[in-house]
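For reference, the structure discussed in these notes is given below.
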Amino acid sequence: MAARGRWRSWSSSAALLLAACSGGGETSDAAPLPRIAVTISGSAGTHRFNVEPARSSAEQARGLMFRTRIADDGGMLFAPYPPGGGAPREASFWMKDTPSPLDIVFIRADHTIARIAENTTPFSETPIPSGEPVSAVLELRGGRAAELGIAEGDKVAWWGN
């Protein structure tokens, strides 16, 4: 993640701290990754996003840090989470080195939204926990989830490389 922050994955034995951020159409020193389609469907309708995938440990560590603009339909999808695969686990993100507020959408293995951390505070080092094991995390421009009526329990799907 560039303009967003860093994430921490809690394992049974130790906490692993890695950098992570979200965006889409942002400005950054790093070249953006190829985009994939993400849809979120719920009582407020279906919403489409065109996001950067972060699959590997290196991509999830770099994320979209330092990006200052996030497109309305942009963001970053951390999938699989954890990057090496395996069973879902609790996640914790932070906003260190992230100048733009984000909505952090924690996604269960069944592709439903477990929790949305809305309008996270730029540059904050306060942990933002998933609250339960997750298998993916989606970062959107801060405030976007509320604007679109995206809520916990909504279904998330993605396609592409």
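Index from 1, following the sequence.
Contact record, A87 with P82: O-CD, 3.7 Å, taken as the closest heavy-atom pair. Across all non-hydrogen atoms, the minimal contact from P34 to P53 is O-CD, 2.7 Å. When every heavy atom of A54 is checked against every heavy atom of M76, the shortest pair comes out as CB-SD, 3.8 Å. The minimum heavy-atom distance between A151 and I113, with the atom names listed, is O-CD1, 3.6 Å. Nearest heavy-atom pair across S100 and P122 is C-CG, 3.9 Å.
Atoms OG1 and CZ, on T39 and F49 in that order, are 9.5 Å from each other to the nearest 0.5 Å. Separating the CZ atom in R141 from the CG atom in D103 is a distance of 8.0 Å, to the nearest 0.5 Å. Rounded to the nearest 0.5 Å, atoms CE (M95) and OG1 (T120) are 3.0 Å apart.
Residue pairs meeting the salt bridge (charged side-chain N to carboxylate O under 4.0 Å, His left out) criterion with at least one member in residues 105-119, sequence neighbours excluded, are R108-E132. For the ring pair (Phe, Tyr, Trp, His ring centres under 6.0 Å) condition, no pair includes a residue of residues 130-155, sequence neighbours left out. Counting only residues at least two apart or on different chains, the ring pair (Phe, Tyr, Trp, His ring centres under 6.0 Å) pairs with a member in residues 95-117 are F93-F106, H111-W158. For the salt bridge (charged side-chain N to carboxylate O under 4.0 Å, His left out) condition, no pair includes a residue of residues 42-51, sequence neighbours left out.
With a 4.5 Å cut-off on side-chain heavy atoms, L140 and I70 do not count as touching. When side chains are defined from C-beta on, R35 does not count as touching V51, because their heavy atoms never get closer than 4.5 Å. The side-chain heavy atoms of Y81 and V134, taken from C-beta on, include a pair separated by under 4.5 Å. Side chains of W159 and I36 form no contact here, defined as non-hydrogen atoms less than 4.5 Å apart.
The side chain to side chain contact (heavy atoms under 4.5 Å, CB included) test applied to A44 returns H47, not counting sequence neighbours. With sequence neighbours left out, the side chain to side chain donor-acceptor pair (under 3.5 Å) criterion links S41 to T46.
Side-chain atoms of N50 never come within 3.5 Å of backbone atoms of A37 as a donor-acceptor pair (strictly under, hydrogens ignored). In this structure, N119 contributes its side chain and G143 its backbone to a donor-acceptor pair below 3.5 Å. A donor-acceptor pair under 3.5 Å is absent between the side-chain atoms of T112 and the main chain of D154, judged by distance alone. With hydrogens and angles disregarded, a donor-acceptor distance shorter than 3.5 Å links the side chain of S56 to the backbone of E59.
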Between E52 and L77, does a side chain to side chain contact (heavy atoms under 4.5 Å, CB included) hold up when you go through it step by step?
CA-CA 6 Å; E52 294 179 48; L77 178 67; over 6 Å; no
Working note: I104 + I116, criterion side chain to side chain contact (heavy atoms under 4.5 Å, CB included); need CA distance, chi angles, decisive distance, verdict.
CA-CA 6 Å; I104 303 173; I116 302 171; over 6 Å; no
Test I128 against T126 for side chain to side chain contact (heavy atoms under 4.5 Å, CB included), laying out the working first.
CA-CA 7 Å; I128 303 164; T126 301; 5.8 Å; no
